[in-house]
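Take this structure first; my questions come after.
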Amino acid sequence: MAASPAQRRRWEREQARLRASVLEEDTEPWQKQPQFAGLHRVGGVDLSYSKGDESRACAFLVVLSYPDLEVLYQDCRMVPVTTPYVAGFLAFREVPVLVEAVQRLQQEEPQLQPQVLLVDGNGLLHPREFGIACHLGVLTDLPCIGVAKNLLHVDGLVRDELHKEQVRSLQRSGEAFPLTGTSGKVLGMVLRSHSNSSRPLYVSVGHRVSLGTAVSLVRACCRFRIPEPIRQADIRSREYLRRQPCAPVPASPQSKSETESED
DNA sequence: GCGACAG
DNA sequence: ATCTTGTCGC
């Protein structure tokens, strides 16, 4: 199911409205300290889906200690998913349930609240400079960093031979190069996050963080190619799906009456 | 018009 | 995102 032109326009308007609240610079003291002194908790979020079932997903939020990267908190929830995935509008599918997860954490374990959140997907590296990492950041007011595993074609950026060659030029773990769009703006950085994987990461600003800090922090969180907070959320959410393939969605109090007479 | 397109 | 086992290599 593709999104109608009208739906896309509504989504674009919403993105433009929220885009105005994005902060692209470091706003936290620890972000300017050597070795990120003062940083103790890094969060990660991810959703996993099972094969045939497009209607539900497992939403996972983890908080890891820094710099040890040990799991301090985890929140797992089977959630109904109604919005389809449309490139450029991922946030409308995944952000609502992630916001709820963050709110549960803030209410139940406020002392474990993450000081920064790594998000699966892009931030400013987006057609309207407002990817899921920006969206989640603005709605939660948490510093957020976008970490994508594939390049989203935007502002003239494409995964052509030149790009592949630039990626090949990243020899050592930690090396990176900027992604400058046709507009001249630097929308993100391509980072080789691990010595054993030639596939890079696409890091971009989400909210309340500078691009340089974002890349440095992602580097510091990588035991393997995928930064540990996102990797743990990913591993644990799939593991949950594997064990609870048919777990029922928590029934709402009055779900009968509104099942058939809608429009 | 066709293809490309985060998760 | 998901479907999929073993296997080659450091």
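Chain letters run A, B, ... following the sequence lines, proteins first, then strands; residues in each count from 1. Excluded from the calculations below are hydrogen atoms, water molecules and symmetry mates; all remaining heavy atoms, backbone and side chain alike, are included.
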**Asked** Across the strands shown, which category fits A/Y85 at heavy-atom distances under 4.0 angstrom: base, sugar-phosphate, nothing?
**Response** base
**Prompt:** A/K51 side chain: which of C/dA1, C/dC3, B/dC5 is closest?
**Reply:** C/dC3
**Request:** Identify whether any heavy atom of A/N122 sits under 4.0 Å from a base atom; if not, whether one sits that close to sugar-phosphate; answer base, sugar-phosphate or nothing.
**Result:** base
**Prompt:** Starting at CG of A/L152 and ending at P of C/dA1, how long is that distance when rounded to a whole Å?
**Reply:** 14 Å
**Prompt:** Does A/R238 put a side-chain nitrogen or oxygen below 4.0 Å from OP1 or OP2 of C/dT2?
**Reply:** yes
**Message:** Students often get this wrong, so: under 4.0 angstrom with heavy atoms, is A/I132 touching a base, only sugar-phosphate, or nothing?
**Reply:** base
**Request:** Find the distance A/I230:CD1 to B/dA6:P and express it as a whole number of Å.
**Result:** 16 Å
**Request:** Answer yes or no: are there more than 12 heavy-atom neighbours, outside A/R104 itself, under 6.0 Å from its atom CZ?
**Result:** yes
**Request:** Establish, from distance only, whether the side-chain atoms of A/Q33 and A/Q31 form a donor-acceptor pair under 3.5 Å.
**Result:** no
**Request:** Determine the contact category for A/F92: base if any of its heavy atoms lies under 4.0 Å from a base atom, sugar-phosphate if only primed atoms, P, OP1 or OP2 are that close, otherwise nothing.
**Result:** nothing
**Request:** Counting heavy atoms from C-beta on, name the nucleotide in C/dT2, B/dA4, B/dG7 closest to the side chain of A/H153.
**Result:** B/dA4
**Message:** Is there a side-chain contact between A/K149 and the phosphate of C/dA1, meaning an N or O under 4.0 Å from OP1 or OP2?
**Reply:** yes
**Complete:** Read 5' to 3' with Watson-Crick or G-U pairs under 3.5 Å, [ ] for crossing pairs and | for partners on another strand, DNA chain C gives ..........
**Message:** Categorize A/G146 for me: base, sugar-phosphate, or nothing, with a 4.0 angstrom heavy-atom threshold over every strand shown.
**Reply:** nothing
**Request:** Starting at atom CG of A/D160, determine the distance to atom C1' of B/dA4, rounded to an integer number of angstrom.
**Result:** 12 Å
**Asked** Hey, is A/K185 close enough to A/E129 for a salt bridge, meaning N to O under 4.0 Å?
**Response** yes
**Request:** Establish whether A/Y85 and A/Y202 are linked, either directly or via other cluster members, by ILVMFWY side-chain heavy-atom contacts under 4.5 Å.
**Result:** no
**Message:** Taking 4.0 Å as the cut-off, does a side-chain nitrogen or oxygen of A/N150 come that near to OP1 or OP2 on B/dC5?
**Reply:** no
**Message:** Using the side-chain heavy atoms of A/L90, tell me which of these nucleotides is nearest: B/dG7, B/dC5, C/dC3.
**Reply:** B/dG7
**Request:** Check A/L139, A/N122, A/V22, A/L18 against A/C134 for a side chain to side chain contact (heavy atoms under 4.5 Å, CB included) and give me the one that passes.
**Result:** A/V22
**Item:** Ion pair check, A/R9 and A/E12, cut-off under 4.0 Å
**Value:** no
**Prompt:** Thinking salt bridges, do A/R236 and A/E239 make one under a 4.0 Å N-O criterion?
**Reply:** no
